[in-house]
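Taking it in order: structure first as structure tokens, then the write-up.
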Amino acid sequence: MSLETKALSRGIKRIFAIPRLSLSLIIALGSTLGAVLCVIAIASALIVKPLPGVSNSHQLQAIKMDVSFGGALTIPVFTPHIVNHASTYFKDVGEWAAINASKKQITLDEIDYATTYFTASSNITDVLGTKLLRGQAVDSNAEKDQVWISNSLWKSAFSGLDSTIGKSIIIQEKTYIIAGILEDVLAIKSSQELLAQQVWFISNYEKAVGFTDGRLGSNALESVIVKLRTPQTVMPNEQEIKEWFSTYIDTEITVPDMKSFISSMPLSVQTEDFRANFLSDNYQLVVALIVTVVGLLLMATLNLINLFLTHYQQRNKEFSIQLSVGASPWRLRWLMILENLPSFIFAGVFGVLLSGWLIKALPLFTNKSLPLLSEISIDTITLVSGFIIIVTLAILFGCLALIDINKNQLMTNLTSSGKGTITQSNHWFTRSLMVLQLSIASLLVTGSVMLAQNSYDFVNKDIGIEPRFNQQLQFNILDQVWKEKLWKEKFNGGEYQQILQRLTDIIEQEIPNSQVVLASPGGALSSNVRIMSVSNSDKPEQQVTYKSLPLGEHYFSTHGIDFRAGQAITKQQIDDNELLAIIDETFAQTLYPDTDYQDIIGKKLPFGGDDARVVNGIVENIGFSSRGLMSTMYTNVHPMGDQITLSISLPEETTLSLEQLKPKFDKLFPRLELVKVESLDSIWREMTASQRLNLMVLVAITFLTLVLAAIGISGLTLMATHQKKYELAIRMATGATQLSLIKFISKEMGILLTIGLIIGFLLSVFGYETIKENIKLLPEFNWLTLTILDIGLVVVVLLSVLIPTWRVIKQDPLSALRQE
Amino acid sequence: MNSKLLVNVDNITKSYRNKQIETKALKGVSLSIYEGEFVAITGPSGCGKSTLLSIMGLMDTATSGHYSISDINTQQLKIDQRTMIRNKHIGFVFQSFNLIDNMTVFDNIALILEHRKTPASEIKSRVETVLTQVDMLARQHYHPNQLSGGQQQRIAIARALVGNPDLILVDEPTGNLDTVNGDKVMALLEQLNTNGATIVMVTHDSRYVRCASRQIQLLDGEVITEKRLEGVA
């Protein structure tokens with residue numbers, strides 16, 4: 001057997017013979033490698049590989065144009081008509097297209113399929129570079145009754161049969177013909193999860209109509225894309241786009257109020273590379289994850305280096321003997337690389353398996369908010385990366401084998417008995433490792449705790465609404481023709497108001513002790529808002545912008561929203577359609593600055609003319625930061641949407657279920673479909689689910705970092721005490737107290753601890769700010785958090801030093817000497 | 001003497017510095033060794049004899065001076081070059097044997113040849129030859145910790161021989177042995193020298209000096225006497 005074969009064989013035996021060494025390597029390296037490979041797989045799918053269904057991504061730019069209402073509240077402006085106009089105006093730049101995505105369920109042959117509906121311009125597949133697999137190409141000849149379906153839906157619902165082309169399907173009571181099959185498109189920016197099963201509705205934007213009513217945002221487009229004519233073509237800048245839009249307003253908007261409204265509101269324009277736009281915050285997230293897992297891998301590696309150096313130190317004589325008989329240092333290192341290789345291979349395999357499990361669990365960790373989840377897998381890039389990491393570390397660890405041997409003075413190592421000063425040789429390398437570990441730990445823990453604090457604040461913030469025992473019933477409006485009719489009616493006295501009243505009466509009758517407190521399109525926590533902008537008749541120069549929200553009789557008391565003045569509107573007043581309103585504090589201060597709230601009650605609002613409402617009450621401000629602190633007015637006018645959501649106050653511990661209510665309500669209201677029954681609390685939990693998971697993951701990362709730091713430092717302390725064991729034994733035998741021995745060991749470690757913490761502190765302060773410039777996810781730096789963390793780290797390190805030291809010095813000195 | 005000059009040590013000094021204190025282990029030592037000689041280097045503890053031997057074995061480097069072996073000037077050699085010379089030209093026998101416990105007797109001896117990338121069949125035959133020479137063939141599959149001190153020293157001698165070195169350096173070969181085993185080891189060394197091996201032995205045991213053909217006495221890092229011994233041509 002050659003020396004190389006013997007080395008490999010020894011390495012395999014060592015896995016079982018020295019589990020302290022090999023298991024530590026396999027578990028520590030394997031688990032952090034698993035995390036690294038998972039992040040590499042994510043980065044590969046999101047940043048490196050071609051986007052599924054969008055082969056032209058390198059030529060594409062995404063453009064966003066919003067009207068801003070202050071805070072973070074913006075409303076997209078692009079409509080099909082505007083996109084078509086831009087396309088003509090900027091035809092030298094490239095081709096303009098748009099696409100919206102929404103999640104819906106369709107029923108085919110009595111089987112329900114969760115699908116993504118794409119509504120898009122007729123040039124969308126040309127712009128995106130989406131492949132047509134079967135049937136008719138998507139172009140301006142697309143008929144209104146034609147749809148295209150995705151490859152995944154074709155395979156699952158139609159078994160991939162060619163006869164699918166030309167088949168009729170019924171979607172929301174309308175009949176469509178399947179015109180073609182497209183490849184799955186998974187790389188479209190959308191607020192909803194994109195599913196592989198897709199249905200495409202195509203519109204010819206040349207036939208689109210412009211603004212015909214006062215509603216902004218009602219048919220806004222989520223995703224507007226430009227395919228640049230050539231690689232050298234540059235997108236128009238913000239100024240040019242604003243000039244064009246100004247032209248559009250002048251020439252195309254015929255509704256005078258809309259014209260003046262849009263002209264007066266600040267417009268924001270953003271253009272961005274398609275992939276960067278698609279990924280948005282996820283790009284930053286991936287970068288943050290890469291930094292974190294690399295930091296953890298580095299810490300695990302440093303821990304293992306300490307462990308291996310201890311192991312090598314015990315074999316210094318063996319290495320010296322080999323050198324003395326003529327083994328070249330590089331050959332010895334090569335043999336050590338081979339000896340370590342089996343353990344590293346095991347660690348690598350464990351890492352790959354773990355990364356596979358983590359990838360499978362990603363939908364749970366990310367609450368499906370990470371795009372292209374189905375594309376993330378252990379691909380070639382991931383495997384090659386894992387291979388490179390394992391081989392690099394194996395080579396590094398092998399090369400460290402002779403670090404303690406003075407190759408110019410071999411006799412020193414050959415004649416050493418392990419007792420004198422020779423074994424306590426300078427371990428500048430291991431000391432540097434400890435300082436490095438502490439510094440990395442400090443930086444990682446600072447970042448993760450600050451992010452965790454951010455998530456905690458978000459999850460536990462006061463939203464102004466108390467969920468209590470409220471539940472929501474959500475109905476879809478099935479009859480589209482009927483919906484259009486209701487939409488055109490005035491609310492007060494109209495059929496829609498009657499439907500809501502009837503629903504309320506039946507719910508309160510069917511469900512004992514319940515009260516319907518609100519009827520709205522999306523519910524109390526919905527992000528659907530109706531923004532109104534009017535002139536203040538008292539101050540004509542002031543344009544008043546506010547959110548208009550519906551109310552019910554017990555809305556405020558049920559949700560715990562306090563009145564600052566006045567009172568709620570009564571049921572009688574609601575039924576009589578009295579022109580009353582409840583406004584929030586922000587609105588009161590905007591309209592009537594420096595006026596007592598009590599004096600505002602009974603005033604007529606300075607807009608609305610003859611239909612101006614009277615202030616009946618002023619309530620506290622509520623809302624999420626995403627909506628901004630915008631003035632809010634509550635009235636008994638209920639705008640229509642695609643859904644009707646009723647918030648119901650129930651007695652304590654009463655719950656409802658969809659199965660319980662659906663048969664009855666579907667029978668009583670055949671043009672509505674009860675689709676969801678859920679509590680306000682569970683809705684809020686779902687809205688904050690990803691933040692809660694972030695919090696859990698960040699706490700886990702913090703804990704893991706601290707554990708790795710503790711293991712590494714205690715390992716180093718053990719090595720230091722092992723080196724000094726003979727000296728410690730002599731000191732014990734000659735009468736040193738245990739306290740003086742602790743001081744003796746702690747003195748050296750204390751110096752390293754101080755240096756490590758100072759460097760870590762400086763890295764945390766300056767490094768954090770530098771990293772934050774590139775990773776916008778990170779919150780503002782917090783001195784208090786850093787101070788508390790460093791105190792915690794000091795405690796962890798002190799324990800990691802003192803506990804192993806105590807274990808050594810509590811031995812009987814004679815037995816310690818005899819061991820030597 | 002018509003033998004070829006094998007080793008030339010010219011004005012070698014060796015100093016150790018520990019913070020402010022400098023210790024001079026060798027102060028300008030010069031000597032020559034010829035092929036076929038058996039030279040004993042003697043002196044009291046701390047006189048520098050083991051230091052001189054480790055420099056001759058390229059285990060340590062001199063602070064100043066020149067050292068050549070087999071016409072190779074070792075002064076400017078890099079670590080890999082020194083290693084190669086150790087492997088090809090020098091065999092070293094340590095006082096504390098320095099055998100590797102997790103290897104068998106066979107593997108310990110074969111190490112030198114394996115580092116030379118000698119074919120396996122040749123390794124087998126050469127190792128068995130030297131094991132026979134030291135009368136340890138039956139124990140080739142034992143581990144060192146299963147052998148007595150004398151047996152381990154014989155294995156160490158076999159390891160030094162297997163590579164057919166030009167020079168065999170022996171550091172206190174009987175230092176860790178009882179008298180009986182010490183005599184056996186010395187008899188083996190004498191026999192090897194009779195068969196043509198060039199041996200330089202460090203010893204402080206005057207009984208064994210008589211086995212040598214020349215004695216060099218060191219004191220405080222300097223050569224004080226050098227004399228031929230009786231009964232050697």
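Residue numbers start from 1 in every chain, and the chains themselves are labelled A, B, ... in the order their sequence lines are given, proteins ahead of strands.
Here the closest non-hydrogen pair linking A/Leu323 and B/Arg86 is O-NH2, 2.7 Å. Of all the heavy atoms in A/Gly326 and B/His115, the pair that sits closest is O-CB, 4.0 Å. Residues B/Glu114 and A/Arg331 come closest through the heavy atom pair O-NH1, 3.2 Å. Contact record, B/Thr83 with A/Pro329: OG1-CD, 4.0 Å, taken as the closest heavy-atom pair.
At a 4.5 Å heavy-atom cutoff, the contact between B/Leu99 and chain A is made by backbone atoms alone. Contacts of B/Lys78 with chain A are absent, with no heavy-atom separation under 4.5 Å from either backbone or side chain. Proximity to chain B (any heavy atom under 4.5 Å) is restricted, for A/Ile321, to the side chain, taken from C-beta onward. Residue B/Asn108 does not touch chain A at all, counting heavy-atom pairs closer than 4.5 Å. Within the 4.5 angstrom heavy-atom criterion, atoms from both the backbone and the side chain of B/Ile112 approach chain A. Residue B/Lys88 does not touch chain A at all, counting heavy-atom pairs closer than 4.5 Å.
One finds the OG atom of B/Ser96 at 7.5 Å from the CG atom of A/Leu414 (value rounded to the nearest 0.5 Å). The CG atom of B/Asn102 sits 10.0 Å away from atom NZ of A/Lys13, with the distance rounded to the nearest 0.5 Å. Within the model, atoms CD of A/Gln409 and OG1 of B/Thr61 stand 5.5 Å from one another, a figure rounded to the nearest 0.5 Å.
Atom OH of B/Tyr16 is surrounded by more than 12 heavy atoms from other residues, nucleotides or ligands within 6.0 Å. By the 6.0 Å contact criterion, NE2 on A/His311 is enclosed, its count of non-hydrogen atoms from other residues, nucleotides or ligands being greater than 12. Within a 6.0 Å sphere centred on CZ of A/Phe346, other residues, nucleotides and ligands contribute 12 heavy atoms or fewer. The environment of NZ in B/Lys24 is sparse: at most 12 heavy-atom neighbours from other residues, nucleotides or ligands sit within 6.0 Å.
Of the residues considered (B/Asp101, B/Leu58, B/Asp80, B/Thr51), B/Asp80 shows the highest number of contacts with chain A, using heavy-atom pairs under 4.5 Å. When the candidates B/Ile85, B/Asp171, B/Asp107 are compared by the number of heavy-atom contacts under 4.5 Å with chain A, B/Asp107 comes out ahead.
Using a distance-only test at 3.5 Å, with no hydrogens or angles considered, a donor-acceptor pair links the side chain of B/Asn87 to the main chain of A/Val325.
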Stepwise, does the side-chain contact (heavy atoms from CB on, under 4.5 Å) test hold for B/Leu53 with A/Met411? CA-CA 10 Å; B/Leu53 205 73; A/Met411 268 309 190; 6.0 Å; no

